[in-house]
Participant: 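Quick one: this structure, given as structure tokens, is what I'll be asking you about.
We use all heavy atoms of the structure for the numbers below, so side chains are in, but hydrogens, waters and symmetry mates are not. Order of the sequence lines sets the chain letters (A, B, ...), proteins ahead of strands, with each chain counted from 1.
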Amino acid sequence: MPQHAVLFVADGSPDDTAPVRALRDQLDASVSTAASGAAARRALAEDLPDCVVTDYELPDETGLDLLEHVRSERPDAGCILFTGVDRAVIDTAAFGDVLPEYVDSDRPDAVDRLVDLTRNALEARSHAGYPLPDDEPGRLETLAGLDLDSAPLQAALDRLTALAAEHFDVPMASVNVVFSHSQECLVAHGADWSPLPREDTVCTYTILDDDLTVIEDLRDDVRFADNDALADMGIRFYAGAPLRVGDAAPVGTLCLYDDKPRSFPEADRESLRRFTAEVVDQFALRARRRSTDRDGDAARTGDR
Amino acid sequence: MSTGGGSFAFGDDLPLEPIAPGTTILVAGPGTTAARELALLLVLAGADRNEGMVLASTATHGRGLLEQCRALRRGLDDEYLRVVDATGLARGSTDPERVAYVEDRADLSGIGIDVSSLHDDLLAAGVDGVRTVIDSLTGLLAVHEFKTVFKFVNILTNRVRSYDGLGILHLETSTLSEEVIETFAGTCDGRITVGADGRSSRLRVEGLPDQPGGWHSFDATTQWPRGIGHHVVGRQVSVGGGEARARYECARCDLGWEGELDLDRLRSTPCR
């Protein structure tokens with residue numbers, strides 16, 4: 001099964017065109033096509049691709065209208081404008097932060113360039129608005145091996161986050177996991193948060209480090225000062241610890257939050273490291289039990 | 001996609017060894033240092049080597065930027081020099097082949113498309129590689145969220161890598177934390193930090209192979225005084241009261257002021 005999904009959008013019959021054939025032949029990706037903005041939006045509603053390639057002139061909207069919609073659904077998806085329309089006709093003024101890659105489809109080597117830039121979007125994640133850990137594939141593999149739905153795990157993490165909030169005297173604490181495109185709260189004490197795009201979370205940065213990330217006032221940090229998502233969550237203070245399960249990069253974080261700025265002295269940092277070790281132990285314990293259960297099931301199946 | 005170009009060299013003026021194709025470098029330093037001049041010089045060094053040069057500017061309008069480039073490198077061969085003017089200060093181009101105008105620096109999509117388009121035009125013209133500078137990331141941060149500017153940088157560095165180009169990103173660091181600088185540096189291949197040692201400039205390279213270690217002086221500010229219009233203009237940087245100020249003075253007349261270099265004023269004011 002292909003590792004990635006690409007949607008190619010152009011008027012007419014895009015399925016039988018040189019760029020689509022090249023993308024199918026040269027990339028480890030399933031490439032679907034759509035002949036209008038409306039058809040593309042229907043496809044996006046069913047399954048979000050990793051990259052969208054579109055002409056500028058579509059029968060019912062411009063390619064930039066479509067890519068703006070893609071960004072609203074998945075901000076880190078690859079967005080490529082592959083068009084022969086004259087640059088002067090492409091009106092970018094209302095789409096300043098869509099940031100499409102651009103390939104003039106009339107150039108002799110346009111198809112090769114399209115393949116290269118699509119590969120960048122899929123493999124190097126060139127449209128991510130945040131840095132990735134060096135071992136992102138290994139990190140995601142470790143995450144996939146964890147039993148995140150385990151009721152005993154959830155109960156243990158509930159207790160630990162409640163204890164942490166009380167110990168540090170903060171109104172909110174959570175254990176988060178960072179997936180390929182988004183971050184989700186596994187448990188949260190004092191909050192009920194929906195998943196967020198990865199580019200909107202502080203934990204995206206916390207999993208890059210071995211040690212704690214402490215930001216006493218998010219409004220003083222250029223990376224987060226204008227972040228509406230964090231403002232809506234009422235977060236001013238953040239202290240996060242990476243959760244490293246095994247040898248791969250951290251799968252998530254243990255976090256403390258306050259709705260006002262505060263300091264976080266060394267004694268608190270040391271306590272947060274101890275809480276973090278407990279959380280990591282819980283993940284590892286449930287992963288071992290899941291593995292043991294699977295081995296037992298396999299053995300029983302073999303006995304029959 | 002490789003364009004087949006060799007390493008990007010800088011001549012004897014700068015204490016740097018040639019840099020491998022596909023490399024993007026963050027050039028970081030406070031506004032009172034010669035970080036911006038260094039970022040431009042790294043790109044303008046391509047003029048002697050049949051290479052293309054794309055300059056995207058958020059603060060200096062196209063014509064002014066070309067003047068500054070000619071002042072930085074006397075006798076500059078600008079046949080393959082292209083400018084993306086994203087200042088919003090000028091409308092319409094008298095030189096559409098050479099200067100592309102984006103009406104608002106908040107239009108990062110337009111800046112990206114114009115940089116790509118000019119870059120591809122230069123390759124089609126037969127240059128041996130393209131050097132691109134963004135001047136500056138700080139100007140983009142003034143109108144965009146960090147995540148948007150980071151995405152712009154991520155796309156650009158990957159494009160530079162694919163096309164075996166050289167990317168230079170100028171970051172004015174006076175008001176930025178080390179975490180922010182490091183985050184940008186982390187998505188680049190290397191970082192050049194620019195400082196000042198008295199009246200001379202110095203640089204330190206990190207993350208790039210085969211480069212000299214430690215701090216090294218370089219000759220950007222000592223290219224002052226410069227002939228601009230009929231004037232011979234010198235620049236002095238003074239520090240006091242927690243602030244650094246640049247002062248420009250003509251050596252031949254009484255014209256002088258503190259603040260930014262104003263090329264239009266210099267060119268329109270007669271010298272005795």
Participant: How about A:Asp232: does its CG atom have over 12 heavy atoms from other parts shown lying under 6.0 Å from it?
Facilitator: yes
Participant: For B:Arg161 and A:Asp116, run side chain to side chain contact (heavy atoms under 4.5 Å, CB included): C-alpha distance rounded to whole Å, both residues' side-chain angles, the deciding distance at 0.1 Å, then the answer.
Facilitator: CA-CA 10 Å; B:Arg161 202 165 291 141; A:Asp116 275 335; over 6 Å; no
Participant: Most heavy-atom pairs under 4.5 angstrom with chain B, which of A:Arg125, A:Arg119, A:Arg223?
Facilitator: A:Arg223
Participant: Might you confirm whether atom CZ of A:Arg269 has over 12 heavy atoms from other residues, nucleotides or ligands at distances under 6.0 Å?
Facilitator: yes
Participant: For A:Asp221, is it the side chain, the backbone, both, or neither that has a heavy atom closer than 4.5 Å to a heavy atom of chain B?
Facilitator: side chain
Participant: Side chain from CB out, backbone as N, CA, C, O: work out which of these in A:Ile90 comes under 4.5 Å of a heavy atom of chain B, or both, or neither.
Facilitator: side chain
Participant: Using only atom types and a distance under 3.5 Å, with no angle test, would you say the side chain of B:Lys151 pairs donor to acceptor with the backbone of A:Pro75?
Facilitator: yes
Participant: Tell me whether the count of non-hydrogen atoms from other residues, nucleotides or ligands lying under 6.0 Å of CG in B:Asp210 goes above 12.
Facilitator: no
Participant: Please look at A:Arg198 and chain B and tell me whether the side chain, the backbone, both or neither of the residue comes under 4.5 angstrom of a heavy atom of that chain.
Facilitator: neither
Participant: Of all of B:Asp104, B:Val153, B:Asp114, which one pairs up most often with chain A through heavy atoms under 4.5 Å apart?
Facilitator: B:Asp114
Participant: List the atom of A:Gly129, the atom of B:Phe150, and the distance in Å for their closest heavy-atom pair.
Facilitator: C-CD2, 3.4 Å
Participant: Tell me, for B:Ile111 versus chain A, whether the close heavy atoms (under 4.5 Å) come from the side chain, the backbone, both or neither.
Facilitator: neither
Participant: Which atoms of A:Asp220 are under 4.5 Å from chain B, going by heavy atoms: the side chain, the backbone, both sets, or neither?
Facilitator: neither
Participant: For chain B, which of A:Asn227, A:Leu99, A:Val98, A:Asp226 has the most heavy-atom pairs under 4.5 Å?
Facilitator: A:Leu99
Participant: Does any part of the side chain of A:Asp97, heavy atoms only, come nearer than 4.5 Å to the side chain of B:Thr148, both counted from C-beta?
Facilitator: yes
Participant: Search all heavy atoms of A:Pro100 against all heavy atoms of B:Ile113 and return the closest pair with its distance.
Facilitator: CG-CD1, 4.2 Å
Participant: Which heavy-atom pair separates B:Ser109 from A:Phe95 by the least distance, and what is that distance?
Facilitator: OG-O, 2.5 Å
Participant: Against chain B, label A:Asp104 side chain, backbone, both or neither, depending on which of its atoms sit under 4.5 Å from a heavy atom there.
Facilitator: neither
Participant: What part of A:Leu208 lies closer than 4.5 angstrom to a heavy atom of chain B: side chain, backbone, both or neither?
Facilitator: neither
Participant: Strictly by modelled atom types, are B:Asn154 and A:Ser126 linked by a side-chain donor-acceptor pair under 3.5 Å?
Facilitator: no
Participant: Kindly give the heavy-atom pair with the smallest separation between B:Ser116 and A:Glu101, and that separation in Å.
Facilitator: OG-OE1, 4.3 Å
Participant: Please find the pair of heavy atoms, one from B:Thr183 and one from A:Pro131, that lie closest to each other, and give the distance.
Facilitator: CG2-CG, 4.1 Å
Participant: For a 4.5 angstrom cut-off between non-hydrogen side-chain atoms, does B:Glu103 reach A:Thr92?
Facilitator: no
Participant: Looking at chain A, which one of B:Arg159, B:Glu145, B:His144 has the largest number of heavy-atom pairs inside 4.5 Å, strictly under?
Facilitator: B:Arg159
Participant: With a 4.5 angstrom heavy-atom cut-off, could you sort out which part of B:Ser177 is near chain A: side chain, backbone, both or neither?
Facilitator: neither
Participant: Measure distances from A:Tyr205 to the heavy atoms of chain B and classify the residue's part below 4.5 Å as side chain, backbone, both or neither.
Facilitator: side chain
